[in-house]
Amino acid sequence: MWRCTGPRWSGGGPGPEPEGRFGQRLGWYCAERDEERVSMLPAGKVLAFAAQGERRCLGVRRAGRRLVCPYGAVLDGASARDQCPRCAQLDRSRSVAADTMADDPRPYGVYLAYFGPGLLKVGITAAERGPARLVEQGAVAYAWLGRGPLMAARRAEALLGSALAVPDRFAKAAKRAARGALPPVPDRVAELEQLHRAAQELAGWPETLQPVQFACADHTELFGLDRIPGEVAELGGMTSGAEIVGEVLTGVGSDVYLRLAMGGEAEGAEGEGAVEGEGAVEGEGVGGAGSGRVGGAGPVGVVGRGGGGIAVMDARMLSGWVLGAAVGRVTTVPVRAVGPGAGEREGEGMGRQEGLF
C-alpha cells in the first residue's frame with residue numbers, strides 16, 4: 001500500500017540540484033517495503049484519482065529514512081499538515097526552523113524572496129540545498145543576501161525583521177493572489193535590488209556573515225507563471241471517496257494548477273503522459289512512465305482553454321492518503337470560487353465542480 005507523501009521539487013538526492021532539473025513531483029511511501037518513490041507532475045498530465053480509506057500521519061524522517069507513526073494517527077483531510085501532534089513535536093526536537101538545532105555546523109545562506117509587489121520576505125536555508133527551498137516555497141524571484149554560520153544567518157534574518165520590517169513568511173492566500181497579476185520581470189528585479197541594498201547597509205550586520213553581491217533569479221519559466229490566469233478557484237480538502245479529475249496546467253511550490261474535468265468524453269484524454277496501473281501509481285502506487293494519466297477512470301472531459309474551469313490544489317493535502325483510480329469523470333472535492341465578493345457567506349462557492357464552471 002503506497003501513501004502519498006506530498007509535493008517535491010528535487011529528486012531527493014544529496015547536494016544542490018540545478019534549477020534546470022527541477023520539476024514538480026509527488027512522493028510516495030510503502031511502509032510494508034520501506035520504500036519511497038516519486039512521480040512527475042508535468043504540464044499536460046491528466047490526473048484521475050480518488051482518496052481511499054483514512055488519511056494517516058506520515059511519521060518522521062531520521063537519517064534519510066521515514067519512521068512510521070507509532071500511533072497510526074488519522075489526520076484531518078482539510079489540513080496541509082501531514083503529521084500528528086506527537087510526531088510533529090518529535091520532528092521539531094531536532095529542527096533548524098524550531099531553533100532546536102543551533103549546533104548545526106553547516107554553512108547557511110540568507111535570501112530575499114519575492115512573491116509579488118510588496119510581498120518580499122527574508123529566510124535562511126542550508127547552503128548545500130542550493131535554491132531548493134526557494135522553489136519549494138513558490139518564490140517568484142529571489143536573491144542571496146549573505147552566507148555564513150547558522151547563528152549569524154539567524155541574526156541577519158532577525159535584523160531585517162526589526163530594522164526594515166521584512167517578514168519571514170506570507171500566507172498562502174496572499175501568494176496565490178499575487179501570481180495572477182505579476183508586474184514585468186524588470187520591476188521585480190528592481191524591488192528586490194532595492195531591499196538587498198538597504199539590507200546590506202544596515203548597522204549591526206553579523207561579522208561572520210559574508211555579504212553576497214546582488215543577482216536576481218526569476219522563476220517565470222520554471223513555474224510556468226504565464227499560464228496562470230488572473231482568477232482561479234480553489235480545491236478544498238480530500239475525504240474518503242472524493243475524486244480529483246483534471247489536467248495539470250502548471251505547478252508552483254506546493255500548489256498544482258488544474259484544468260478541471262467535466263462529464264462526458266474528451267479528445268486527447270488518452271494521450272501521451274498517462275500513468276496506468278494499480279490505483280494511482282506506476283505498478284503499485286507511484287506514477288511514472290506510461291501513457292498519460294494518474295489513475296485509470298477512462299476518458300475524461302477536460303474543460304476547454306477558453307471556458308475557464310481552472311482550480312488550484314495544495315498538494316500537501318494529498319499527503320497521507322492512499323490514492324486509487326477515480327471511478328467517476330468529475331472532481332468531487334469542494335471547489336471554492338475566489339475573488340472579490342466570493343465566499344462572503346459561509347459555504348458560498350462550495351460544491352461539486354460542475355456546478356461552478
Side-chain angles (χ1 to χ4, degrees), residues 1-8 24 26-29 41 47-60 69 71-89 91-92 97 136-138 169-177 179 231-246 248 251-258 260-261 279-280 294-295 309-324 326-328 330-339 342-357:
M1 181 180 296
W2 292 84
R3 289 191 183 274
C4 182
T5 57
R8 300 183 185 181
Q24 195 178 44
L26 282 180
W28 308 85
Y29 177 66
L41 289 176
L47 307 182
F49 58 79
Q52 298 181 346
E54 295 177 311
R55 187 188 185 198
R56 298 282 181 172
C57 172
L58 292 175
V60 299
C69 173
Y71 316 106
V74 177
L75 302 179
D76 177 8
S79 172
R81 297 182 181 276
D82 59 11
Q83 293 175 307
C84 68
R86 286 180 285 189
C87 283
Q89 183 178 16
D91 227 8
R92 292 176 70 83
E136 291 166 355
Q137 292 183 68
R169 68 192 65 197
F170 287 111
K172 177 171 284 290
K175 296 180 185 179
R176 285 178 172 176
R179 290 175 199 149
E231 292 185 6
V232 298
E234 294 180 351
L235 293 184
M238 301 282 285
T239 55
S240 183
E243 302 187 348
I244 293 178
V245 184
V248 175
V252 182
S254 64
D255 283 341
V256 182
Y257 288 82
L258 299 169
L260 296 182
V294 175
I310 305 301
V312 60
M313 167 184 67
D314 187 343
R316 294 177 301 174
M317 291 186 177
L318 301 180
S319 60
W321 285 107
V322 173
L323 301 178
V327 176
V330 293
T331 294
T332 61
V333 302
V335 181
R336 182 172 68 92
V338 296
E344 292 178 357
R345 298 183 299 275
E346 185 175 359
E348 183 179 8
M350 302 298 290
R352 291 172 63 96
Q353 176 267 335
E354 60 267 40
L356 289 174
F357 299 95

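Everything numeric here is computed off the predicted structure, so don't read it as measured data.
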Kindly give the heavy-atom pair with the smallest separation between [X] and [Y], and that separation in Å.
| X | Y | value |
| --- | --- | --- |
| Arg56 | Val74 | NH1-CG2, 3.5 Å |
| Cys84 | Ala73 | CB-CB, 3.5 Å |
| Ala51 | Leu323 | CA-CD2, 4.1 Å |
| Val333 | Gly237 | CB-O, 4.2 Å |

Original post:
Within a strict 4.5 Å, meaning less than it, do heavy atoms of the Gln52 and Met1 side chains meet?
Top reply: no
Original post:
Side-chain contact, heavy-atom cut-off 4.5 Å: Leu258 with Val312?
Top reply: no
Working to the nearest 0.5 angstrom, can you tell me the gap between [X] [atom1] and [Y] [atom2]?
| X | Y | atom1 | atom2 | result |
| --- | --- | --- | --- | --- |
| Trp28 | Arg8 | CH2 | CZ | 11.5 Å |
| Cys57 | Arg81 | SG | CZ | 12.0 Å |
| Trp321 | Leu75 | CH2 | CG | 9.0 Å |
| Met317 | Ile244 | CE | CD1 | 10.0 Å |
| Met238 | Phe49 | CE | CZ | 5.5 Å |
| Leu47 | Leu26 | CG | CG | 8.0 Å |

Where the side chain of [X] meets the backbone of [Y], is there a donor-acceptor pair that is under 3.5 Å apart?
| X | Y | answer |
| --- | --- | --- |
| Gln24 | Gly253 | yes |
| Thr5 | Gly27 | yes |
| Ser254 | Ala315 | no |
| Thr331 | Val245 | yes |
| Thr332 | Glu243 | yes |

Original post:
Between Asp255 and Arg179, is the closest basic N to carboxylate O distance under 4.0 Å?
Top reply: yes
Original post:
How about Arg55 and Thr239: does a side-chain donor come under 3.5 Å of a side-chain acceptor?
Top reply: no
Subject >> Derivation of the side-chain contact (heavy atoms from CB on, under 4.5 Å) call for Tyr257 and Val232 >> reply: CA-CA 9 Å; Tyr257 288 82; Val232 298; 4.2 Å; yes
**OP:** Give the intermediate values and the outcome of side-chain contact (heavy atoms from CB on, under 4.5 Å) for residues Arg316 and Asp82.
**Re:** CA-CA 7 Å; Arg316 294 177 301 174; Asp82 59 11; over 6 Å; no
**OP:** List the steps and the verdict of side-chain contact (heavy atoms from CB on, under 4.5 Å) for Leu235 and Val256.
**Re:** CA-CA 10 Å; Leu235 293 184; Val256 182; over 6 Å; no
